[in-house]
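Position 1 is the first residue of the sequence; numbering continues from there. Just so it is clear, the model here is predicted, and its values are computed rather than measured. All values below were derived from every heavy atom in this structure, side-chain atoms included, with hydrogens, water molecules and symmetry-related copies excluded.
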Amino acid sequence: MALDLDTDRIHQLLHDGARDKIYPGAVWAVGDSRGAQASGSTGVLDPEQPDEPMRRDTVFDVASLTKILAVWSTIGSLVEDGKLQLDAPLDNLWPEVSGHPLAKVTARRLLTHTAGVPLRANLKNLYGTDPQDVRDGVLREALHRQPGEAVEYTDRAALILGYLAEHLSGQRLDALAADRVWGPLGMTQTCFGPLSPNAVTRCAPTELNDSTGTHLKGLAHDFSARLLGGVCGIAGAFSVLDDLATFLRYLLTPNQLNASPGFGTDWIKESLQIHTGELTPPRGLFWHPAPGTTPEADDVWVHYGFTGTGMWLSPRKDRWAALLTNKLYYSRDRQPLTDIRDTFRALAFD
């Protein structure tokens, strides 16, 4: 049975966004535990090549969706393996942080953005360009405030958790995510950059790179990711609509699909509930309630990426959605895409 969706209104919404130059193009899908039930694309891949349309197999720099696809998922596999206890002080697990402010922080605090770590990454200015110096600096940095005082979104939470996952697994984050999550799920086109020349031809360009005079394409937009060779917990992953559909479908039906990533029902259920008590904004484990919704009434969870990407999930409604754009091609102004995202979510889930 098909989902009750007004696909004409979704098409019109996203078409108008491309017409108004909020993004060059967009691809989208809405589905359930059976798979994608509706999808589409609009606009162009690259305004400099106006005859090449945006397509379902376009490769996107997914930016902070990396935090879900690579960090949240592999941390979940380590929890379910018994290698990580969410409420254990980090120095119980990780000698590298012993004697430093992070020692008494927990993984749960990092996953809920309540750890009190600094709000800005600012890695090059603080620690230079050597990846080991950056790692040392991040893991020894003073806290911005006491853990548990406030919910404050920070890229550093995912960067630290990525380092933790590498320590506990003995693998670099890209290899760990591929081995434990992307490979088992058949997400064959999800990887960290830089992309191969073949994949670059299908990649949606993002922001203008002042040093080259060309738009970034196949190279992570996020400066921290580029500084760290393309692989870190903050950003750096690239993916396509079909792979995100596979991932989101698994989150709805982990016991029904012939797939065995390292995390399952327990981790998904644990993550999609509020862990921040009375603090605002409310947070699950990296996921958060979609704007304009409440967990009690709607059960719609979301994560966004700065480049213009987003994915939503509702176990109660047995529904997921993904919207991929390259809005950074034109502007860093968030509000126009925010309005489109919120309307898209309403059309997909209400």
Side-chain angles (χ1 to χ4, degrees), residues 64-121 123 126-127 130-144 147-148 151-182 192 222 224-225 227-237 261-263 266-268 270-271 275 283-287 303:
S64 280
L65 296 193
T66 302
K67 294 176 171 72
I68 297 292
L69 298 175
V71 179
W72 171 80
S73 57
T74 58
I75 288 290
S77 73
L78 292 163
V79 169
E80 295 197 353
D81 283 351
K83 293 181 179 177
L84 172 60
Q85 295 76 44
L86 289 183
D87 296 310
L90 290 183
D91 65 353
N92 285 14
L93 314 157
W94 201 6
E96 213 171 341
V97 301
S98 293
H100 301 292
L102 272 179
K104 300 308 176 188
V105 168
T106 66
R108 190 186 305 274
R109 292 279 189 220
L110 291 166
L111 286 160
T112 56
H113 293 284
T114 60
V117 297
L119 302 187
R120 293 183 60 82
L123 304 180
L126 290 172
Y127 316 120
D130 180 79
Q132 186 62 52
D133 289 344
V134 171
R135 180 185 178 111
D136 291 345
V138 167
L139 297 185
R140 296 170 184 173
E141 187 62 78
L143 298 183
H144 157 71
V151 178
E152 296 175 309
Y153 182 89
T154 167
D155 282 337
R156 282 181 180 244
L159 182 59
I160 293 163
L161 286 167
Y163 288 146
L164 175 62
E166 291 179 333
H167 165 70
L168 293 176
S169 69
Q171 290 181 281
R172 204 169 77 157
L173 186 61
D174 52 348
L176 177 63
D179 286 353
R180 297 303 303 271
V181 183
W182 306 339
F192 279 93
D222 185 88
S224 298
L227 180 68
L228 297 171
V231 179
C232 73
I234 295 173
F263 67 94
D266 291 347
W267 180 242
I268 298 163
E270 175 83 359
S271 299
H275 288 262
R283 283 269 171 183
L285 301 182
F286 268 9
W287 295 88
H303 207 289

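- In this structure, L159 CG and L139 CG are separated by 8.0 Å, a value rounded to the nearest 0.5 Å.
- Annotation: side chain of T106 is not in contact with side chain of L90 (no heavy-atom distance under 4.5 Å).
- Between G233 and A158 the shortest heavy-atom distance is O-CB, 3.3 Å.
- Here the side chain of T114 pairs no donor or acceptor atom with the backbone of V151 at under 3.5 angstrom.
- The side-chain hydrogen bond (donor to acceptor under 3.5 Å, both in side chains) check on D91 picks up K104, with sequence neighbours excluded.
- Across A225 and C232, no two heavy atoms sit closer than the pair CA-SG, 3.8 Å.
- Taking 4.5 Å as the limit, every side-chain heavy atom of L126 sits out of range of all side-chain heavy atoms of V134.
- Distance CG/L161 to OG1/T74: 8.5 Å, rounded to 0.5 Å.
- With sequence neighbours excluded, the residues forming a side-chain hydrogen bond (donor to acceptor under 3.5 Å, both in side chains) with E96 are W94, R135, listed by chain and number.
- Side-chain contact between L93 and Q85 is present, with at least one heavy-atom pair separated by less than 4.5 Å.
- Note that the CG atom of L228 and the CG atom of L123 stand 6.0 Å from one another [nearest 0.5 Å].
- Y153 contributes atom OH, which lies 13.0 Å from atom OG1 of T112 (distance to the nearest 0.5 angstrom).
- Checked by atom type and distance alone, the side chain of W267 pairs as donor or acceptor with a backbone atom of W72 at under 3.5 Å.
- Annotation: salt bridge (charged side-chain N to carboxylate O under 4.0 Å, His left out) contacts of D155 (sequence neighbours excluded): K67.
- A115 and V105 get closest at one heavy-atom pair: CB-CG1, 3.7 Å.
- Here the side chains of L78 and F263 are not in contact, with every heavy-atom distance at 4.5 Å or above.
- A 4.5 Å side-chain heavy-atom check between K83 and S169 finds every atom pair outside the cut-off.
- Applying the salt bridge (charged side-chain N to carboxylate O under 4.0 Å, His left out) rule to pairs touching residues 112-121 yields nothing, sequence neighbours excluded.
- Classification of the F286-H113 ring pair by plane angle, with boundaries at 30° and 60°, yields parallel.
- For W182 (side chain) and L69 (main-chain N/O), a donor-acceptor pair under 3.5 Å exists by modelled atom type.
- Residues V71 and L173 meet the side-chain proximity criterion, which asks for heavy atoms closer than 4.5 Å.
- Note that the NE2 atom of H303 and the CG atom of L65 stand 7.5 Å from one another [nearest 0.5 Å].
- Within the 4.5 Å cutoff, side-chain heavy atoms of V117 are placed close to those of I160.
- The side-chain hydrogen bond (donor to acceptor under 3.5 Å, both in side chains) check on H275 picks up R108, with sequence neighbours excluded.
- In this structure a side-chain-to-backbone donor-acceptor pair under 3.5 Å is present from T154 to P118.
- Between A237 and F192, the shortest heavy-atom contact is N-CD2, 3.8 Å.
- For A142 against P101, the heavy-atom pair with the smallest separation is CA-CG, 3.8 Å.
- Expressed to the nearest 0.5 Å, how far OG of S73 lies from CG of L176 amounts to 8.0 Å.
- Every residue two or more places apart in sequence or in another chain that forms a salt bridge (charged side-chain N to carboxylate O under 4.0 Å, His left out) with D81 is listed here: R180.
- Between D222 and T66, every side-chain heavy-atom pair lies at or beyond the 4.5 Å cut-off.
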